[in-house]
Enquirer: 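Once you've had a glance at the structure underneath, I'll fire off some questions.
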Amino acid sequence: MSKIATRFAPSPTGPLHIGGVRTALFNWLFSKKKGGIFLLRIEDTDKERSKDEYKDQIIKSLKWIGINYDGNEYIQSSKIDNHIQVAKELLKNGHAYKCYCSSEEIEEQKKRAKQKKIPYIYDRKWRDKKEVDAPKNIEPVIRFKSKIEGSTILKDLVQGDVQIENNTIEDFIILRNDGSPTYNLSVAVDDQQMKVTHIIRGDDHKINTFKQMQIYNAMQWELPNFAHIPLIHTTEGKKLSKRDKASTLDDYSKIGIMPEALRNYLLRLGWSFKDKEIFTLEESIEHFNLEGIGKSPSKLDKSRILSMNEYYIKNISEKDLFDRFNEYCKNYKQVIGANKEDKIKKSLSFLKNKAKSLEDIYNNSKYIIFDEVSFDENDVKLIDEKAKKIIADFRNEVSKEKEIKKETLETIINNLIKKYETNFKGVGQPLRIALTGSKFGPGIYDIMISLGKLDIEKRLKKIT
RNA sequence: GGUCCCUUCGUCUAUCGGUUAGGACACAUGGUUUUCAUCCAUGAAAGAGGGGUUCGAUUCCCCUAGGGACCGCCA
């Protein structure tokens, strides 16, 4: 058997969404597992809607999540001549014919079918007509001569055998009347020429597969293997579309989801290997198989993504975590100053315990990133006269110390709790607000130690 | 409407004829932590319905119901 080759073939007519990314991931994993190659084909033949910006977004997305394709991206529009060539051959072999129906005529037929509530299918009017009868003023389209008799079985690697009556497949157009090839022709020709051995794509392509299989057969090409994976549904249970919110990788990236977490989540969405939930990249390549792909569509679950992200935040190395965080801040929030990097790195050990996302880490580390504390009005109200006294006392005690250590801080705070006849919250909360501007965040000792004596004094002074 | 696909806890799923139907997320309760979070423990939670086949069906077959995809000179 020839070398395994898979491909991902998006059209750059909109941003790549998470469903497409999962399809790409499955194809990529499958080829890696089999020691094959994975190709990227940009299907940009719809010149009206294709945009370079989308192409770039697709490439960027794949890169972000760690999917790398072999060779250069294959640009479908640059291969149109090949597609036309095949169409001509099909015409010559009698597997295709010229259809002189005007688009008005077709529209009319569709309308009538709708009124009668019967399914529209092209009536194959020109299939056996002689060309001498052709109207002179109409530029014909080329239609594929689909089989009428019998049925076809698709041996689907995910869905099993799928049988369909051949007469339900119409004589589809392969060349428009402007001479340009249509989707099914281009795809079949490209896949064949790229020597794709396994076509793993969304279930929404299943009908196309039957059309493309006929082209393969007519050209006497060896059929590739097909696997139709169930679609990802929104929480409303509908097919995920480019228009859905929170569907592109950037939508997740900007709320602080890390690529490894999303990759792991997507892997387990519609695929499983026993009870295993966490897969390193190596493990996913090792265990991935088509048998593990489920047959029913699955819904996106944001809390699951977040919890996967939380796992990776806690389990990747702090060095990697810093890199991810640094990049996140740079892209979506605020560049971390060079003088702050060290403090952040040291604080990651406790910051990550409270975070489900990089955004959480950001929110909890603002007190380090920004020199000026920004206060929430409601929180400031919590610092009353008594609290101000406590803060002043605390600052006074701290200034006597040479070095800030947890033990000394504990002693100071405990003494204040006694002196002011309050509890930990009574002392801790005002201090926290004064130092960070927020009621929530890391432990008070962690905050103080990471800030250091000078910053503590400076910040507390402003309050009292 | 036609064709095709699907149906196990709220969600993602395990089970390849015999299980107290398992795990994970979310949820609830309790414990640890002198706040919050983390962490730990516990709990509630599922085979769409009806027929077969079988000694025995979540598992195999059929029907019904529900959901989905496709039905472009878009890809």
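Each chain gets a letter, A, B and so on, in the order its sequence line appears, and its residues count up from 1.
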Enquirer: Could you give the distance separating C63(B) and C70(B) at their P atoms, to the nearest angstrom?
Expert: 25 Å
Enquirer: When only distance counts, do a donor and an acceptor, one from the side chain of Lys299(A) and one from the base of C12(B), lie under 3.5 Å apart?
Expert: no
Enquirer: Looking at U11(B), which nucleotide sits across from it as a Watson-Crick or G-U wobble partner, both distances under 3.5 angstrom, or is there none?
Expert: A24(B)
Enquirer: Taking any strand in view, what nucleotide pairs with G1(B) in a Watson-Crick or G-U wobble way, both distances under 3.5 Å?
Expert: C71(B)
Enquirer: Among residues 48-60 of chain A, which residues get a heavy atom nearer than 4.0 Å to RNA chain B?
Expert: Arg49(A)
Enquirer: Would you please classify the geometry between the Phe288(A) ring and the Phe26(A) ring as parallel, tilted or perpendicular, with 30° and 60° separating the classes?
Expert: tilted
Enquirer: If you measure from the C1' atom in G72(B) to the same atom in U13(B), how many Å do you get, rounded?
Expert: 37 Å
Enquirer: Mind checking the C1' distance from U8(B) to A48(B)? Whole angstroms is fine.
Expert: 11 Å
Enquirer: Nearest whole angstrom, please: distance from the P of A75(B) to the CG of Asp44(A).
Expert: 10 Å
Enquirer: Could you check how far CG of Leu431(A) sits from P of U34(B), rounded to whole Å?
Expert: 17 Å
Enquirer: Counting only heavy atoms from other residues, nucleotides and ligands, does the tally under 6.0 Å from NZ of Lys145(A) exceed 12?
Expert: yes
Enquirer: Quantified in whole Å, what is the P atom distance between nucleotide C5(B) and nucleotide U58(B)?
Expert: 24 Å
Enquirer: Give the rounded distance in Å between these two atoms: CD1 of Ile169(A) and P of C71(B).
Expert: 11 Å
Enquirer: Which is more 5' along RNA chain B, the nucleotide nearest Pro10(A) or the one nearest Ile413(A)? Just name the residue.
Expert: Ile413(A)
Enquirer: Is the Phe30(A) ring parallel, tilted or perpendicular to the His198(A) ring (thresholds 30°, 60°)?
Expert: tilted
Enquirer: Can you check the Ile447(A) CD1 to A37(B) C1' distance for me, whole Å?
Expert: 12 Å
Enquirer: So, the side chain of Arg143(A) versus the backbone of Asp171(A): is there a donor-acceptor pair under 3.5 Å, distance only?
Expert: yes
Enquirer: When rounded to the nearest Å, what value does the distance between C1' atoms of A65(B) and A45(B) take?
Expert: 24 Å
Enquirer: Quick check: are there more than 12 heavy atoms from other residues, nucleotides or ligands sitting under 6.0 Å from NZ of Lys276(A)?
Expert: yes
Enquirer: What's touching nucleotides 22-25 of chain B from the protein side, N or O pairs under 3.5 Å?
Expert:
residue, atom, partner, partner atom, Å
G22(B), N2, Asp275(A), OD1, 2.8
G23(B), N2, Glu277(A), OE2, 3.0
A24(B), O4', Glu277(A), OE2, 3.4

Enquirer: Regarding Glu149(A) and Asn166(A), do their side chains bring together a donor and an acceptor under 3.5 Å, going by distance alone?
Expert: no
Enquirer: Between His233(A) and Ser298(A), does any side-chain donor sit less than 3.5 Å from a side-chain acceptor?
Expert: no
Enquirer: Does the structure show a Watson-Crick or G-U wobble partner for A41(B), both distances under 3.5 Å? Name it, or say none.
Expert: U29(B)
Enquirer: Using atom P in both nucleotides, what's the gap between G51(B) and U42(B) to the nearest angstrom?
Expert: 39 Å
Enquirer: Between G47(B) and U15(B), how many Å separate the two C1' atoms, rounded to a whole number?
Expert: 11 Å
Enquirer: Could you label the plane-to-plane angle of the Phe273(A) and Phe279(A) rings as parallel, tilted or perpendicular, counting under 30° as parallel and over 60° as perpendicular?
Expert: perpendicular
Enquirer: For Thr182(A) and G72(B), is the shortest distance between a side-chain N/O and OP1 or OP2 below 4.0 Å?
Expert: no
Enquirer: If you compare every side-chain N and O of Thr235(A) against the phosphate oxygens of U11(B) (OP1, OP2), does one of them come in below 4.0 Å?
Expert: no
Enquirer: Polar pairs (N or O, both sides) under 3.5 Å between protein and nucleotides 65-70 of chain B?
Expert:
residue, atom, partner, partner atom, Å
G68(B), OP1, Lys238(A), NZ, 2.1
G68(B), O2', His233(A), NE2, 3.2
A69(B), OP1, Lys239(A), N, 3.1
C70(B), OP1, Lys239(A), NZ, 2.5

Enquirer: If you compare every side-chain N and O of Ser272(A) against the phosphate oxygens of A14(B) (OP1, OP2), does one of them come in below 4.0 Å?
Expert: yes
Enquirer: Using the C1' atom as the reference point in each nucleotide, state the distance between G49(B) and C16(B) in Å, no decimals.
Expert: 25 Å
Enquirer: Are more than 12 heavy atoms, taken from residues, nucleotides or ligands other than Gln163(A), located less than 6.0 Å from that residue's CD atom?
Expert: yes
Enquirer: Whole Å only: how far is the CD1 atom of Ile84(A) from the P atom of C73(B)?
Expert: 18 Å
Enquirer: Starting at the 5' end of RNA chain B, which residue's closest nucleotide do you reach first, Ser102(A) or Ile444(A)?
Expert: Ile444(A)
Enquirer: In whole angstrom, give the distance that lies between atom OH of Tyr445(A) and atom P of U35(B).
Expert: 10 Å
